[in-house]
Amino acid sequence: MRNKEIKGAPEIITPSAGDTSLPEPVMLGNGVPVYMAGNGTVDLLRIEFVIPAGQVLEEVHLAASATSAMLTEGTLHHDAATINDLIDSTGAALTHSSDKDTAGLVTVTLTRKLDDVMALASEVLFSPSFPENEFRMLTDRRLQAFQTSRRRTSVIAREAFYEALCGSRSPYGRITTEDDYRRLTTGDVREFHRKHYRPVNMYVTVAGSEPWKALPVLEKYFSGKGTGQWQKPPLPSPVLETSEPGKIFRDLPTSVQSTVRVGWKGITRNHPDYQALQVATMILGGYFGSRLMRTIREEKGYTYGIGAVAGAFHNIGYITIMTDVANAYRDETLSEIRKEIEKLRTEGVSEEEMTLVRNHMMGELARIFDGPFSVADAIRGIIDYETGADYYTRLAETVKTITPARIMDIFNRYFNPGEAWEIIAGSR
Amino acid sequence: MFILVSLTYFAYMIGFERQILDNGLRVIVHRDEGTPMVTTNILYDAGSRDEEPDSTGFAHLFEHLMFEGTQNIPLFDVPVMMAGGENNAFTNNDLTNYYITLPATNLETALWLESDRMRGLDLAEERLANQKSVVTEEFRQRYLNQPYGDLLLLLRPLAYRVHPYRWPAIGMDISHIEKADSISAKKFYDRFYTPSNAVLSVAGNVDPDRVFSLAEKWFGDIPSGVKTERKLPVEPEQAERRELTVHRPVHAPHLLMAFHMGSRESRDFYILDLLTDILAGCDSARFPAILVRKKELFSEADIYLSGEADPGLVIFSGRIRDGIDVRKAEEAVRSELDRLASERVIAAELDKARNRYESHRLMQYISVSNKAFSLAYHEVLGDADGINREHEQYMSVTAEEIASAAGLTFRPGNSSVIHYLPEKI
C-alpha cells in the first residue's frame, strides 16, 4: 500500500512580474524604428517587419490578405520557385501574416545567414511582381480553404459576433463570400501594395541572443528604400454599425456540436478600465480553474473547454465567451453562463480568489518577459495600438492593487445581460 | 569544413545529470541559467498501446483524472497558480506526459504536487463520471465536429490489424469512454503510475544537487511498483494494398496513404524523417513544387512520420483540388514516391534538409519545457543522452540510404489508402 500522508506543503514565494519595461527603438537612416529584444544563448535571430496594411484599410475585400500571401509568389528579380529555394536553402523561415489591423513578415534565421535572408525579405516586401498565374493558383487554394471553413461552427459563430458588433459594412464585421474570392484581381492587390507597403510606414522588431548584429544589415537593405522620412501612420477609424443585442442562430445541419458565443461591446486599449477588464475576464474564463471552467466543464461536463477574452481593434473593443458543446446542452450552457455572471455582479469575488488570480497573472507576465521572442510579440501589441511603453508596468500595477470591489464594478459596467449577444452556431 | 561542423556540433549538446532513486524513479536535470523559470516534466511509460481493445481511450481519460485532486490537495491547479505557474499534460499512443512551468524559486511546489498525485488519487465516481463527459465532448470537438477530423480515426484500423496502434489515443469509439469505471481506473493507476515506471526531468535555472535532494525528499518513500514489461502483438508484414473509400459532408476530396516503417530507434526513422522533409518540409520541397504548383492536383500535399516508439507509419496527406479524380491524384503521388527509389536525391536537397533540421532543433530547444520533455522521452526510450546523438544521426544520412529506404517503404503492397470524398448531394 502506498502511504498517502504527505509532509507539509513547501512555502510558496509570491511570484513577481520582474522587469516589465520595453526597449527604446534605434532608428535606421530613414527613421524606421527598430526594437531589439536581446537574451538567450541560441544563435538565431527573429526579425519581424510590421506594416500598417491590415484589412481595415481595404477598399476591395480580401485585398490585404491576398497581398500578404502573394509577397513570396514572385518578385521583379525572382520567380516563386527560386524565392522558395533561396529561403529554404538557408534553413530560414519566412512567414507572412495579415490580420484586421496590420500585416507582418516574420523571418527566423541563423545569424550567419542574416545577410542573404534580409536581402530576400527586402525584395519580397518591396519589389513583388504579383504574377497572374501564381495569383490564380493562390486564389483557388484560398477559396478551397474558405469553403472548408464554412463547415466549422466556431468560424460561423465568430463571424456572426463581429458582424453584430461592427456591422457588415465595416472591415471588422464584413461577411466573406465565395464571390469575394472570384472577384479579386491582381490589379486590386497591386494597388493595395502600392498604397500601403511603404518602408517609411513600417517598424521592425529583432529578437535573439545578439540582436544588434542585425542593425548594419537592416541599414543596408531597408534604409535606402522609398522616399522621405519615417512617420507613424495615423490609426484608422472605420465607421461602425453596432446592431441591437439579442439572440442569433446560425444553422449548420451536419454539425454534431454547437458553438456557443456570448459577447459584449468592450473598450479600446487606452481606456482607463482596460487593465481591470483583463483581470475580470481572467476570473470569469481565463484559466483552468476560472468560474466558467469550474461550472461548465468541471461540474456539468458540458464541454472540453470554455474561455473568455477581452480585446480590441483600433477603435472598438469586445468581450467574448466561447465554447463548443453537444447540441443537447447548449441552452443549459447559456443559462449557466448567465448565472455565473450574475453571481459576479452581485456577490463579487473573495480575497482568496483575488490572490489566486493575482499570482497567476504575475506568473504570466514573468513568462512574457522571459524570452526575447515573446518580448518582441509584446512590443508589437504596444506599438500597433499606441498603448504606451508602460502598458505592462501598468498592467502589473493593476494586478497587484485591484480590489474585489473594483472587479464587481467592472462586471456591473461591462457584463450587462441586457446588452449581450447570445450566438449559437449548430444544427437545428 | 570539418572544424566548422564540430564547432556547431557543441551548440547542439544538451548537458544533463542523472540519478536513479532507490525506488526506481529516474531523475534528470538540465541547468539553464538564461531563464528565471523551471519546468518539471514527469513522463509515465503508459499510453494507449497499453489499453485493452474493448476499453480504448482509457490512458487519456486517466490523464484527465490526474487533475481531479487528491486527499491532500483537492484542487491541483490552485497551488500551481499561487506559485505563478502553468501546467498541462498530453497522452499519445506510447506515453502520458505532465508538466509544470513556474518561477525557479517555486521548484519545490511543483515537486510536491507531482509527488502527491503519484502517491494517491481521489478516484470518486462523480469525478470520473464528469471527466467521461468532458472527454466525450473533446472527442466530438476535435474529431467529429471538424471537417476531415476523423481521417486518422479511419486510418489506424486500416493500417494495423493486431498491434494496439490500431486505435488512436482518444479511443476507438465514444462508447468505450462511456463505460469506463473506477475499478479499472484504480487498476490502471496501480499498474502504471509508479516511480519505476516514470521519468522526472527538470530543466531550468536550478542546481542539480538541490533537485536530486528534493526529489529524494518528495518521491523517495513512494513504493517502487513494477516497471512496465510489454508483450504487445507484433504487426505482421503487410502483404497487399488496402483501400477504404468514405463519403463525408466536406467540400473537397482528400487522399491519405500510409506505409509501415521502422521503430523510433531504428536508422529508418532518421532516414525517412529527412526524406519526408525533402518531400514536403518547406515550400520549395518536391510535393508543394510538383503536386501543388506544377501539376495543380492538390491544394495541400504533406508527408510526415507518425513517430511512435514501436514501428510506425509514414503518412501522405493531401487535399485534392476541385474536379480532379482521386485516382489520378494518387497516381501522381505514386510516381513521385517511385522516383525516389530509382533516382538519387541531389546533394542540394539533402543539404537543405540538414540546414532545416539544425534551425528547427535550435528553435525547439530555446524553451526549457521542450528540453525537459525531450530528455525524459529519450530516457524512456533507453538513454537521455539520445537527445545528443540525434544530430549525428541526421547529418550522416546519405542519398543511397534514402533510395533504399524509399524502395522498401513505398511498395504498393505496404500501403493503406483512404479516399475521403464529398457526399453526393
So, the part of A:Val108 with a heavy atom under 4.5 Å from chain B: the answer is side chain
Between the CD atom in B:Glu137 and the OH atom in A:Tyr302, the distance rounded to the nearest 0.5 Å is 11.0 Å
A:Arg297 and B:Gln131: CA distance, side-chain angles, deciding distance, side chain to side chain contact (heavy atoms under 4.5 Å, CB included) verdict = CA-CA 9 Å; A:Arg297 174 179 147 132; B:Gln131 288 310 308; 3.7 Å; yes
Q. So, B:Asp283 side chain and A:Asn84 main chain: donor-acceptor pair closer than 3.5 Å or not?
A. no
From the list A:Ile12, A:Leu356, A:Asp88, the residue making the most non-hydrogen contacts under 4.5 Å with chain B is A:Asp88
If one checks every heavy atom of B:Pro249 against chain A at 4.5 Å, the contacting part turns out to be both
Turns out that what part of B:Arg142 lies under 4.5 Å from chain A's heavy atoms comes down to side chain
Taking B:Ala83's backbone N and O only, do any of them form a donor-acceptor pair with A:Asn359's side chain (distance below 3.5 Å, no angle check)? no
ask   = Should the pair B:Glu296-A:Arg141 be classified as a salt bridge under the 4.0 Å nitrogen-to-oxygen rule?
value = no
Please answer whether the main-chain N or O of B:Thr35 pairs with a side-chain N or O of A:Asp370 as donor and acceptor at a distance below 3.5 Å.
-> no
With sequence neighbours left out, the residues meeting side chain to side chain contact (heavy atoms under 4.5 Å, CB included) with A:Asp79 are A:Ala81, A:Thr82
So, the part of B:Asp322 with a heavy atom under 4.5 Å from chain A: the answer is both
